[in-house]
S.K.: 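One structure, as structure tokens, below. Some questions next.
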There are 2 protein chains.
Amino acid sequence: MNKRASGEIGGDDVCKTVCVHRSAVDAVKECMVGDGTLRELAELFKVLSDHTRIRILHALLHAELCVCDLVDVLDMNQSAVSHQLRVLRTAKVVKYRKEGRNVFYSLDDDHIFSLLRDGMDHVRE
Amino acid sequence: MNKRASGEIGGDDVCKTVCVHRSAVDAVKECMVGDGTLRELAELFKVLSDHTRIRILHALLHAELCVCDLVDVLDMNQSAVSHQLRVLRTAKVVKYRKEGRNVFYSLDDDHIFSLLRDGMDHVRE
DNA sequence: TGAATGTATGAGTAGGTATTCATATGAATA
DNA sequence: TATTCATATGAATACCTACTCATACATTCA
């Protein structure tokens, strides 16, 4: 089981752990995408990980809405909604257009649709 | 623009906000799924929203691995990895099987695959 | 121009969370 | 059985984040 024989060019961490399945681990390391990408991915999911933001997105799934519409749908105060819209905007998860003094928000692209759909599928087992 | 004329059976919140596009808002409210479901959905995304956990999942995308394998792949201490595996386990995002003193982890179902793939697609614009 | 309306945002705060450290549990081995 | 190895977990801590409050900004209208 202990395949620690091979290499690692004698770092000072040799034998820190001895149970590693070396070949499987090395293969996985080959496949790993850049750490920056995974960081961005986690960041994207973090944007989707808040109850208020999910409710906003779920509402926008059905229609383009302005801020005060969302305030009404979510029954929350305007400041809280705006703060969360900012997070969604910054992450390019929603887009917006101004019309008079209203600002209308909508989902940015289809990936968001897919993410919400797949997420729903998982939640409903 | 102000369609506040209609109903709401005179709650005490009348005119708290006056800019609502009533028909659109009412239609959206019709479509909203239960709040519990949206809460679970946010919870799922929260599980995916951490850098360490994303790295774990991305590793498991390619192979079933035991804890010490993950420790090696992620180059993190064992306690931190175990703590995050617990989060993933609890959320039923990964499953595990014991073999001797090793515990092997793998992705639980295909929805997780899809979520990671769609997420990647979004991240890469 | 001044008032009103719709939206955005900075500061403050309470609650949440990822890591580390120390230790426990549980299986294999001598 | 005692020891070693693989994994899990409780407590402590440092960091993060969502909400509220107050206020600023921007657009429309009188």
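The sequence lines fix the lettering, A, B, ..., with proteins before strands; numbering per chain opens at 1. A quick note: this is a predicted structure, and the numbers were derived from the prediction, not measured. Heavy-atom basis, side chains included; hydrogens, waters and symmetry copies ignored.
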S.K.: Which residues within residues 36-45 of chain B lie with some heavy atom under 4.0 Å of an atom in DNA chain C?
M.R.: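 Here the set is empty: none.
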
S.K.: Rounding to an integer number of Å, can you tell me how far L74(B) CG sits from dT20(C) C1'?
M.R.: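 After rounding, the gap between these two atoms is 16 Å.
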
S.K.: Does R89(A) make a side-chain N or O approach to OP1 or OP2 of dT9(C) shorter than 4.0 Å?
M.R.: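 Answer is yes, contact under 4.0 Å.
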
S.K.: Remember a base hit wins even if backbone is also touched, and classify Y105(A) as base, sugar-phosphate or nothing at under 4.0 Å, heavy atoms.
M.R.: sugar-phosphate

S.K.: Is K92(A) salt-bridged to D109(A), going by a charged N under 4.0 Å from an acidic O?
M.R.: no

S.K.: Would you say OH of Y96(B) has more than 12 non-hydrogen atoms from neighbouring residues, nucleotides or ligands within 6.0 angstrom?
M.R.: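 Not buried by this count: 12 neighbours or fewer within 6.0 Å.
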
S.K.: Side chain of R53(A), backbone of V47(A): donor and acceptor closer than 3.5 Å?
M.R.: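 Yes, because the side chain of R53(A) sits within donor-acceptor range (under 3.5 Å) of the backbone of V47(A).
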
S.K.: To the nearest Å, how far apart are L85(B) CG and dA8(D) P?
M.R.: 7 Å

S.K.: Nearest to the R86(B) side chain among dG10(D), dA18(D), dT9(C), which nucleotide is it?
M.R.: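 Nucleotide nearest to R86(B)'s side chain: dG10(D).
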
S.K.: Can you name the nearest heavy-atom pair linking L115(A) to F45(B), along with the distance?
M.R.: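 Looking at all heavy atoms of both residues, the shortest contact is O-CZ, 3.6 Å.
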
S.K.: Any side-chain heavy-atom pair from V20(A) and D69(B) closer than 4.5 angstrom?
M.R.: yes

S.K.: Below 4.5 Å, heavy atoms only, C-beta onward: do L41(B) and T37(B) meet side chain to side chain?
M.R.: no

S.K.: Give every pair of a protein N or O atom and an N or O atom of nucleotides 20-26 of chain D that lie under 3.5 Å apart, one pair per line with the distance.
M.R.:
residue	atom	partner	partner atom	Å
dT20(D)	OP2	N77(A)	ND2	2.6
dT20(D)	O4	H83(A)	NE2	3.2
dC21(D)	N4	S79(A)	OG	2.5

S.K.: Over 60° means perpendicular and under 30° means parallel, so tell me whether H122(A) and H111(B) are parallel, tilted or perpendicular.
M.R.: perpendicular

S.K.: Quick check for you: to the nearest 0.5 Å, what is the distance between I54(B) atom CD1 and L88(B) atom CG?
M.R.: 9.0 Å

S.K.: Quick one: does any side-chain atom of N77(B) pair with a main-chain N or O of A80(B) as donor and acceptor, under 3.5 Å?
M.R.: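 Checked: pair present.
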
S.K.: Does anything in residues 51-67 of chain A reach DNA chain C, meaning a heavy atom under 4.0 Å, and if so which residues?
M.R.: C66(A), V67(A)

S.K.: What's the CZ-P distance between F104(B) and dA8(D), to the nearest Å?
M.R.: 12 Å

S.K.: Figure out the CZ/P separation between R97(B) and dA6(D), and round it to whole Å.
M.R.: 16 Å

S.K.: Could you verify whether a donor N or O on one side chain and an acceptor N or O on the other, from D72(A) and H21(B), lie under 3.5 Å apart?
M.R.: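 Note: D72(A) and H21(B) side chains miss the donor-acceptor criterion.
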
S.K.: Please give, in whole Å, the distance from dA6(D) P to L70(B) CG?
M.R.: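 Spelled out: CG on L70(B) to P on dA6(D) is 14 Å.
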
S.K.: Are the sulfur (SG) atoms of C66(B) and C19(A) separated by under 2.5 Å?
M.R.: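 C66(B) does not pair with C19(A) as a disulfide (SG atoms not under 2.5 Å apart), so no.
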
S.K.: Paired with dA30(C) by Watson-Crick or G-U wobble geometry, both distances under 3.5 Å: which nucleotide is it?
M.R.: dT1(D)

S.K.: At under 4.0 Å, does any side-chain N or O of N102(B) touch on OP1 or OP2 of dT7(D)?
M.R.: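 Yes, within the criterion.
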
S.K.: Check the phosphate of dG16(C) against K46(B), side-chain N and O only, distance under 4.0 Å to OP1 or OP2. Yes or no?
M.R.: no

